[in-house]
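Shown next, in structure tokens, is the structure this report addresses.
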Amino acid sequence: MSENSQFRFPGATGVGSLPGTDAREAAKTVTGSFEDFPFLAELPARGPGADMIGRTAGMLVELYARVEPSGWRLGDRPGRDTRRARSWLVEDLDALEEFTQGYEGELKVQAVGPWTLAAALELRNGEAALSDAGACRDLAASLAEGLRLHLAEVRRRVPGARLVLQLDEPSLTAVLRGQVRTASGYRTHRAVDRQVVEATLRDVVAAAGGDPVTVHSCAPDVPFALLRRAGAAAVSFDFALLTERDDEAIGEAVEAGTRLFAGVVPGTDGPLSDPAGSVMGVRTLWRRLGLHPGLLAEAVTVTPACGLAGASPAYARRALAHCVRAARSLADNPE
């Protein structure tokens, strides 16, 4: 059973990103939507440094990154881009602190995981850090220390919160399969050994200091078993991308106490079904796996399929509220 399997996750939350550029408005929306599981909103529309790679690069300790035409590149010293990323994170924390006065309960914060970061950050030669095993180790160690400091700061600002750390790993499957392209685009980087991937994730998960960690990927073929072994208390995924090939791994994860963050609400504007319809697929999966319906509310947290940065502000608010109603439907009518 995973180390944090006894942690009681609430029934609904968001993934991380929201549309817009106003930190106070985002914090107000999040805390108003999720009374028992808010999250620290990310606003990538503000520009470089507010995007998920730049934001996490700003958390690194003794490693710095700057924006190049090709993307984020590691450098020797903090520059304007690092300062901007850190400034926006402080702005977001200020807003969250304002709207969580006296709050006691679960609170989720997000950062990019070590393998997606290694696939996205460039070395001086323009190749991804993924191309250099030593660079991957240094990056993971810097990230782990940065996350420790970040979580400590969030605890200081929201002392009643029980923190949940979300590691965003959309590139994880590509890293495992050797599908991350080189700078030229003509080749791909070699697949990273699964044991190395797992051990690195375990080290970064340990940086949460016992707080539960969920790993999020809205890519197909999420490696549920690997993430469970690495110590993830929960796995967050786009439910629409599941296939029956995933059934065994999901069943084993649930039986081992791993929470499922099921992304069932579309992340971009469109019609929303009724709340019960949104979680119909989850109920169907449960029946197919032969799992007890009474476990549903204990094992599933309802989320959007991915971040909401590409949605309109009005749709984003509706989608978050819809997650709460869908979770209530799942708890009230598990069968």
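Residue numbers count from 1 along this sequence.
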Show your reasoning for whether salt bridge (Lys or Arg N to Asp or Glu O under 4.0 Å) applies to D211 and R155. CA-CA 11 Å; D211 289 331; R155 282 189 205 100; 2.6 Å; yes

Take Y315 and L272, measure what side-chain contact (heavy atoms from CB on, under 4.5 Å) needs, and give me the verdict at the end. CA-CA 10 Å; Y315 176 82; L272 292 169; 3.4 Å; yes

When you look at T116 and E169, which way does the side-chain hydrogen bond (donor to acceptor under 3.5 Å, both in side chains) test go after all the steps? CA-CA 5 Å; T116 296; E169 282 283 16; 2.6 Å; yes

Apply salt bridge (Lys or Arg N to Asp or Glu O under 4.0 Å) to residues E198 and R194 and explain how you reach the verdict. CA-CA 6 Å; E198 184 182 320; R194 295 182 79 86; over 6 Å; no

Derivation and outcome, side-chain contact (heavy atoms from CB on, under 4.5 Å), residues C136 and D132: CA-CA 6 Å; C136 289; D132 183 319; over 6 Å; no

Please walk me through it: do R162 and E104 pass salt bridge (Lys or Arg N to Asp or Glu O under 4.0 Å)? CA-CA 7 Å; R162 294 185 290 276; E104 294 185 355; over 6 Å; no

side-chain contact (heavy atoms from CB on, under 4.5 Å) evaluation trace for H216 with C306: CA-CA 9 Å; H216 169 73; C306 209; 3.7 Å; yes

Between L60 and L117, does a side-chain contact (heavy atoms from CB on, under 4.5 Å) hold up when you go through it step by step? CA-CA 11 Å; L60 296 175; L117 206 57; 4.1 Å; yes

Run S329 and R283 through side-chain hydrogen bond (donor to acceptor under 3.5 Å, both in side chains) and show every step you take. CA-CA 11 Å; S329 166; R283 293 191 181 95; 3.0 Å; yes

Test side-chain hydrogen bond (donor to acceptor under 3.5 Å, both in side chains) on D51 and W72 and set out the steps. CA-CA 11 Å; D51 61 298; W72 285 90; 3.1 Å; yes

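Using modelled atom types, no side-chain atom of S278 and backbone atom of A326 make a donor-acceptor pair closer than 3.5 Å. Put simply, the side chain of S142 never gets that close to the backbone of D138: no donor and acceptor are under 3.5 Å apart. Side chain of W88 to main chain of G49: no donor-acceptor pair is present (N/O by atom type, distance under 3.5 Å, no hydrogens or angles). Using modelled atom types, no side-chain atom of S236 and backbone atom of V215 make a donor-acceptor pair closer than 3.5 Å. A side-chain donor-acceptor contact under 3.5 Å links H322 to the backbone of S273. Counting only distance, with no hydrogens or angles, the side chain of S17 and the backbone of A309 share a donor-acceptor pair below 3.5 Å. Side-chain atoms of T31 come within 3.5 Å of backbone atoms of A27 as a donor-acceptor pair (strictly under, hydrogens ignored). Side chain of Q166 to backbone of V15: a donor-acceptor contact under 3.5 angstrom is found. Of the possible polar contacts, none joining the Q110 side chain to the L167 backbone as a donor-acceptor pair under 3.5 Å is found. For the pair R187 (side chain) and T182 (backbone), a donor-acceptor distance under 3.5 Å is absent.
Residues satisfying the side-chain hydrogen bond (donor to acceptor under 3.5 Å, both in side chains) criterion with T13, sequence neighbours excluded, are absent altogether. With sequence neighbours excluded, no residue forms a side-chain hydrogen bond (donor to acceptor under 3.5 Å, both in side chains) with S131.
Under the side-chain hydrogen bond (donor to acceptor under 3.5 Å, both in side chains) criterion, the residue pairs touching residues 54-70 are R55-D92, R66-E68, S70-E122, with sequence neighbours excluded.
When all heavy atoms are compared, the tightest approach of D193 to Q195 is OD2-N, 2.8 Å. Between A234 and F9, the closest heavy-atom pair is CB-CZ, 4.2 Å. Scanning all heavy atoms of the two residues, the minimum distance from P170 to A219 falls at O-CB, 3.5 Å. A12 approaches C323 most closely through the heavy-atom pair CB-O, 3.6 Å. Residue T200 comes nearest to A140 through the heavy atom pair CG2-CB, 3.5 Å, listed as atom of the first residue, atom of the second, then distance. The shortest non-hydrogen separation linking A207 to A144 is CB-O, 3.4 Å.
The line from CG of L165 to CZ of R148 is 11.5 Å long, rounded to the nearest 0.5 Å. In this structure, the separation between NZ on K28 and CG on D22 is 10.0 Å, given to the nearest 0.5 Å. Atom CG of L89 and atom CZ of R84 lie 14.5 Å apart (nearest 0.5 Å). A distance of 13.5 Å separates CD of E145 from CE of M59, quoted to the nearest 0.5 Å. Rounding to the nearest 0.5 Å gives a distance of 7.0 Å between CE of M280 and OG1 of T284. Rounded to the nearest 0.5 angstrom, L107 CG and L96 CG are separated by 5.5 Å.
Looking at V222 and D246, their side chains never come closer than 4.5 Å, going by heavy atoms from C-beta outward. Contact of the D221 side chain with the R245 side chain is registered, since non-hydrogen atoms from C-beta on lie closer than 4.5 Å. Contact check for L242 versus I250: side-chain heavy atoms found under the 4.5 Å cut-off. For the pair V112 and L143, the minimum side-chain heavy-atom distance is 4.5 Å or more. Side-chain contact check for P38 versus Y103: some heavy-atom pair is nearer than 4.5 Å. Counting only heavy atoms from C-beta outward, the side chains of L176 and L226 approach each other to under 4.5 Å. With contacts defined as side-chain heavy-atom distances shorter than 4.5 Å, the pair V254/W286 qualifies. Taking 4.5 Å as the limit, every side-chain heavy atom of E42 sits out of range of all side-chain heavy atoms of L18.
For the residue pair R259 and T214, no side-chain donor N or O sits within less than 3.5 Å of a side-chain acceptor on the partner. Remark: the S312 side chain and the D269 side chain contain an N/O donor-acceptor pair separated by less than 3.5 Å.
Residue E35 qualifies as open at atom CD: its count of foreign heavy atoms under 6.0 Å is 12 or below. Atom CZ of R86 has more than 12 heavy atoms from other residues, nucleotides or ligands within 6.0 Å. Atom CZ of R157 is surrounded by more than 12 heavy atoms from other residues, nucleotides or ligands within 6.0 Å. The 12-atom threshold is exceeded at CZ of R288, counting heavy atoms of other residues, nucleotides or ligands nearer than 6.0 Å. Applying the 6.0 Å contact sphere to CD of E248 captures no more than 12 heavy atoms from other residues, nucleotides or ligands.
Checked for salt-bridge contact, E91 and R46 meet the test: a charged N lies under 4.0 Å from a carboxylate O. With salt bridges taken as basic N to acidic carboxylate O contacts below 4.0 Å, none links R24 and D94. A salt bridge links E252 with R228; the closest basic N to acidic carboxylate O contact falls under 4.0 Å.
Neither L289 nor L241 shares a network with the other; the hydrophobic side chains, linked directly or stepwise wherever heavy atoms of I, L, V, M, F, W or Y lie under 4.5 Å apart, form separate groups for each.
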